[in-house]
Amino acid sequence: MSLVIYAFAALAEIAGCFAFWAWLRLDKPIWWLAPGVVALAAFAWLLTLVPSEAAGRTYAAYGGIYILASILWLWLVEQRVPDRWDVSGAFVCLLGTGIILLGPRG
């Protein structure tokens, strides 16, 4: 279930940040910030739903999911094909996410 929450959190964070990017870098109207702020608030709320005893571990594990989602955003929304370095970097980060999420705790 954590991966589903992380996926929705990543979508919310990227969409929220992209709204600010669009306003500042793509000359979109200022009203783009309203859904951006809502999306960023949803992102923060979603991360609180991950079952974990430590916020820092939750955020660390989320990092790999965020990176993968960002590469997918690059490809699907911005229409820029990820190169081998994008894909390789995302894979390495997902490996780290897996270690953090699945590592034995004692």
Working for side chain to side chain contact (heavy atoms under 4.5 Å, CB included), residues Trp75 and Arg80 = CA-CA 5 Å; Trp75 186 22; Arg80 295 178 185 252; over 6 Å; no
Start with the C-alpha gap between Cys93 and Leu68, add the side-chain angles, then the distance that decides, and say whether side chain to side chain contact (heavy atoms under 4.5 Å, CB included) holds.
-> CA-CA 8 Å; Cys93 293; Leu68 174 63; over 6 Å; no
Treat each ILVMFWY residue as a node, draw an edge where side-chain heavy atoms are under 4.5 Å apart, and state whether [X] and [Y] are in one component.
X	Y	value
Leu72	Leu11	yes
Tyr62	Trp45	yes
Val38	Trp31	no
Trp85	Ile71	no
Ile67	Val92	no

Supply the atom-to-atom distance Trp21 CH2 to Glu78 CD, rounded to the nearest 0.5 angstrom.
-> 7.5 Å
Output the distance between atom CG (Leu40) and atom SG (Cys17), rounded to the nearest 0.5 Å.
->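 That separation rounds to 5.0 Å.
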Give the intermediate values and the outcome of side chain to side chain contact (heavy atoms under 4.5 Å, CB included) for residues Trp32 and Leu26.
-> CA-CA 11 Å; Trp32 273 59; Leu26 303 177; over 6 Å; no
Can you name the nearest heavy-atom pair linking [X] to [Y], along with the distance?
X	Y	answer
Pro82	Val87	CB-CG2, 4.3 Å
Ala9	Leu47	CB-CD2, 4.0 Å
Ile100	Arg57	CG2-CG, 3.6 Å
Gly36	Ala19	CA-CB, 3.6 Å

Is there side-chain contact between Leu46 and Leu49, with heavy atoms separated by less than 4.5 Å?
->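 In short, these two side chains touch, coming nearer than 4.5 Å.
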Student check: side-chain heavy atoms of Leu94 and Ile65 closer than 4.5 Å = yes
Crowded around Phe20 CZ? As in, over 12 foreign heavy atoms under 6.0 Å?
-> yes
Decide side chain to side chain contact (heavy atoms under 4.5 Å, CB included) for Phe91 and Asp86; before the verdict, give the C-alpha distance in whole Å, the side-chain angles of both, and the deciding distance to 0.1 Å.
-> CA-CA 9 Å; Phe91 177 77; Asp86 296 324; over 6 Å; no
Establish, yes or no, whether a centroid distance under 6.0 Å links the rings of Tyr66 and Phe43.
-> no
If only atom types and distance count, is the side chain of Tyr6 paired as donor or acceptor with the main-chain N or O of Thr58 below 3.5 Å?
-> yes
